[in-house]
Undergrad: 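Sharing a structure with you now.
We're numbering straight along the sequence, starting at 1.
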Amino acid sequence: MTPHPPVRFSLVLPTYNEAANIERMVPSLQEVFSAAKLADYEIVIVDDDSPDGTGSIADSLAAASAGRVRSLRRKGERGLATAVVAGWKTTKAPVLAVMDADGQHPPEVVPRLLQALDRGADVAVASRYTAGGDIPRWNVVRRLGSKFATLLVRLALPAGVRHLRDPLSGCFALRREVIEGVELKPLGFKILLEVLLRGRVHRLEEVPYVFAPRTGGKSKLGARVAILDAVQLLRSSWQSRRGRP
């Protein structure tokens with residue numbers, strides 16, 4: 001058997017009750033990576049002990065992957081952002097990434113995020129709001145809620161990254177040195193906010209994508225959650241500027 005090349009990038013898929021999606025998502029990612037001639041990857045599924053059996057499916061996917069998929073089960077903990085950090089802590093890959101496991105982030109965007117890092121970006125963000133991006137099936141209420149949350153977030157971010165159009169994105173990649181030695185204190189669903197607030201980010205690049213509808217399972221994120229995340233970020237930003245932990 002030909003040995004795998006060393007892991008260059010580690011993609012975390014945080015899951016909770018995603019049994020209807022994860023079994024399709026992982027093979028789709030592997031097909032995209034194969035077509036893009038990416039062999040130096042790993043997929044880390046971090047499951048918060050889902051009662052629907054997501055963790056068992058993740059274990060089976062890992063067992064059949066010849067080492068390219070890993071499964072991590074958390075018990076007594078819950079939260080998308082903290083699950084992402086837990087997954088990143090298990091790898092030494094120089095490039096870290098995250099995307100949702102529900103199929104709303106297209107697998108095809110991942111190679112384009114890596115290309116943005118190759119061009120010199122510290123963080124590459126999959127964006128719904130840059131040219132070429134879209135959310136075709138959202139209703140007016142959800143669009144307005146997302147826009148309001150985005151505005152709050154951009155006001156709270158450091159000046160150097162305030163131009164980011166989609167700071168609430170759940171799909172992005174970054175160089176490890178951006179957060180090396182940084183204590184991340186994630187809140188809610190939005191780990192990107194914590195990276196932008198505390199990380200060493202000098203150059204950002206946004207990569208457009210079209211946000212797809214769910215094909216199964218139930219969404220855990222709505223406009224209300226996005227607004228709460230934004231309010232928490234405002235509080236965290238204010239505390240950090242006053243020198244509080």
Side-chain angles (χ1 to χ4, degrees), residues 1 4-5 7-91 93 95-114 126 128 135-138 169-173 189-192 207 209-222 225:
M1 180 185 298
H4 289 303
V7 174
R8 176 201 172 205
F9 75 98
S10 182
L11 172 64
V12 170
L13 300 179
T15 60
Y16 184 74
N17 286 347
E18 293 293 354
N21 295 304
I22 192 67
E23 201 163 17
R24 293 189 296 268
M25 188 67 183
V26 170
S28 294
L29 282 164
Q30 292 176 307
E31 288 177 10
V32 167
F33 294 164
S34 177
K37 301 188 184 311
L38 297 173
D40 50 357
Y41 71 90
E42 66 176 1
I43 298 170
V44 184
I45 305 168
V46 183
D47 183 64
D48 284 354
D49 202 22
S50 300
D52 73 343
T54 301
S56 296
I57 294 173
D59 292 343
S60 297
L61 290 167
S65 74
R68 280 307 180 205
V69 178
R70 293 193 289 114
S71 174
L72 174 63
R73 194 92 59 96
R74 302 201 306 168
K75 295 185 182 291
E77 294 181 86
R78 185 159 322 161
L80 185 147
T82 57
V84 174
V85 173
W88 286 346
K89 286 181 177 178
T90 68
T91 182
V95 172
L96 307 172
V98 60
M99 69 189 305
D100 290 348
D102 56 14
Q104 294 185 299
H105 298 140
E108 293 78 13
V109 77
V110 178
R112 292 190 282 127
L113 293 174
L114 299 178
R128 300 162 291 182
I135 317 172
R137 299 197 182 185
W138 273 17
S169 178
C171 180
F172 62 95
F189 280 69
K190 298 303 180 183
I191 181 62
L192 177 58
V207 175
Y209 81 101
V210 177
F211 192 75
R214 262 183 173 268
T215 57
K218 183 179 180 181
S219 176
K220 294 90 180 171
L221 178 62
V225 174

Undergrad: Would you sort out whether Val207 and Cys171 count as a side-chain contact (heavy atoms from CB on, under 4.5 Å), showing the intermediate values?
TA: CA-CA 10 Å; Val207 175; Cys171 180; over 6 Å; no
Undergrad: Would you say that Gln30 contacts Val69 through its side chain, given a criterion of any heavy-atom pair below 4.5 Å between the two side chains?
TA: yes
Undergrad: Would you confirm whether Ser34, through its side chain, and Glu31, through its main-chain N or O, come within 3.5 Å as a donor-acceptor pair?
TA: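 Pair absent, no side-chain N/O of Ser34 close to backbone of Glu31.
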Undergrad: Can you tell me which residue among Asp102, Asp100, Val46, Ile22 is in a side-chain contact (heavy atoms from CB on, under 4.5 Å) with Leu13?
TA: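 The side-chain contact (heavy atoms from CB on, under 4.5 Å) with Leu13 is passed solely by Ile22 among Asp102, Asp100, Val46, Ile22.
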Undergrad: Looking at CE of Met25 and OG1 of Thr15, how far apart are the two atoms once the value is rounded to the nearest 0.5 Å?
TA: 12.0 Å
Undergrad: Quick one: pull up CD in Glu23 and OG in Ser28 and give me the separation to the nearest 0.5 Å.
TA: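 Between Glu23 CD and Ser28 OG, I get 11.5 Å after rounding to 0.5 Å.
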Undergrad: Can you check whether Pro51 reaches Asn17 side chain to side chain, under 4.5 Å on heavy atoms?
TA: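 A side-chain contact exists here, since the closest heavy-atom pair is under 4.5 Å.
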Undergrad: If every non-hydrogen atom of Ala93 is compared with every non-hydrogen atom of Val7, which pair is closest and at what distance?
TA: CB-CG1, 3.8 Å
Undergrad: Should Ile45 and Leu61 count as side-chain neighbours, where that means a heavy-atom distance under 4.5 Å?
TA: yes
Undergrad: Just by distance, with hydrogens left out, do Arg128 and Ser169 show a side-chain donor and acceptor under 3.5 Å apart?
TA: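 No, Ser169 and Arg128 have no side-chain donor paired with an acceptor closer than 3.5 Å.
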Undergrad: Which heavy atom of Val109 sits nearest to which heavy atom of Ala126, and what is that distance?
TA: CG2-CB, 4.0 Å
Undergrad: Is the closest side-chain heavy-atom distance between Arg70 and Thr90 below 4.5 Å?
TA: yes
Undergrad: Evaluate the ring planes of Phe9 and Tyr41, with Trp represented by its six-membered ring, and classify them as parallel (under 30°), tilted (30 to 60°) or perpendicular (over 60°).
TA: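 Judged by the thresholds at 30° and 60°, the geometry between Phe9 and Tyr41 is tilted.
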Undergrad: Checking Thr91 against Glu42 for the side-chain contact (heavy atoms from CB on, under 4.5 Å) test, could you report, in this order, the C-alpha distance in whole Å, the side-chain angles of both residues, the deciding distance, and whether it holds?
TA: CA-CA 9 Å; Thr91 182; Glu42 66 176 1; 2.8 Å; yes
Undergrad: Can a donor-acceptor pair be found, under 3.5 Å and without considering hydrogens, that links the side chain of Arg8 to the backbone of Ala39?
TA: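 Flag not set: sc Arg8 to bb Ala39 has no pair under 3.5 Å.
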Undergrad: With side chains defined as the heavy atoms from C-beta onward, is the minimum distance between Leu11 and Met99 less than 4.5 Å?
TA: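 Yes. Closest side-chain heavy atoms under 4.5 Å.
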Undergrad: Would you mind reporting whether Pro106 and Val210 have side-chain heavy atoms less than 4.5 Å apart?
TA: no
Undergrad: Would you compute the distance between atom CZ of Phe211 and atom CD of Gln104 and round it to the nearest 0.5 angstrom?
TA: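 It comes to 3.5 Å.
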Undergrad: Determine, for Arg78 against Asp48, whether the closest basic-nitrogen to carboxylate-oxygen distance falls under 4.0 angstrom.
TA: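 Salt bridge flag = no for Asp48 with Arg78.
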Undergrad: Just so I know, are the side chains of Ile57 and Glu18 near enough to count as touching, which here means a heavy-atom distance under 4.5 Å?
TA: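 SC-SC contact between Ile57 and Glu18 ruled out.
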Undergrad: Where is the tightest heavy-atom contact between Ala83 and Pro14, given as atom of each residue plus distance?
TA: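 Smallest heavy-atom distance, with atoms named: CB-CB, 4.0 Å.
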Undergrad: Could you check whether Asp59 pairs with Arg73 (Lys NZ or Arg NE/NH1/NH2 to Asp/Glu carboxylate O, under 4.0 Å)?
TA: yes
Undergrad: Without swapping roles, check the side chain of Thr54 against the backbone of Tyr16 for a donor-acceptor pair under 3.5 Å.
TA: no
Undergrad: Check the pair Val12 / Trp88 against side-chain contact (heavy atoms from CB on, under 4.5 Å), numbers first and verdict last.
TA: CA-CA 7 Å; Val12 170; Trp88 286 346; 3.5 Å; yes
Undergrad: Considering all heavy atoms of both residues, which atom of Val44 and which atom of Ser10 are nearest to each other, and what is their separation?
TA: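 Smallest heavy-atom distance, with atoms named: CG2-OG, 3.6 Å.
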Undergrad: If you measure from CG on Leu29 to CD on Glu108, what distance do you get to the nearest 0.5 Å?
TA: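 Going from CG on Leu29 over to CD on Glu108, the span is 9.0 Å.
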Undergrad: Report the C-alpha separation of Val110 and Val32 in whole Å, then their side-chain angles, then the decisive distance to 0.1 Å, and conclude whether the side-chain contact (heavy atoms from CB on, under 4.5 Å) test is met.
TA: CA-CA 9 Å; Val110 178; Val32 167; 5.9 Å; no
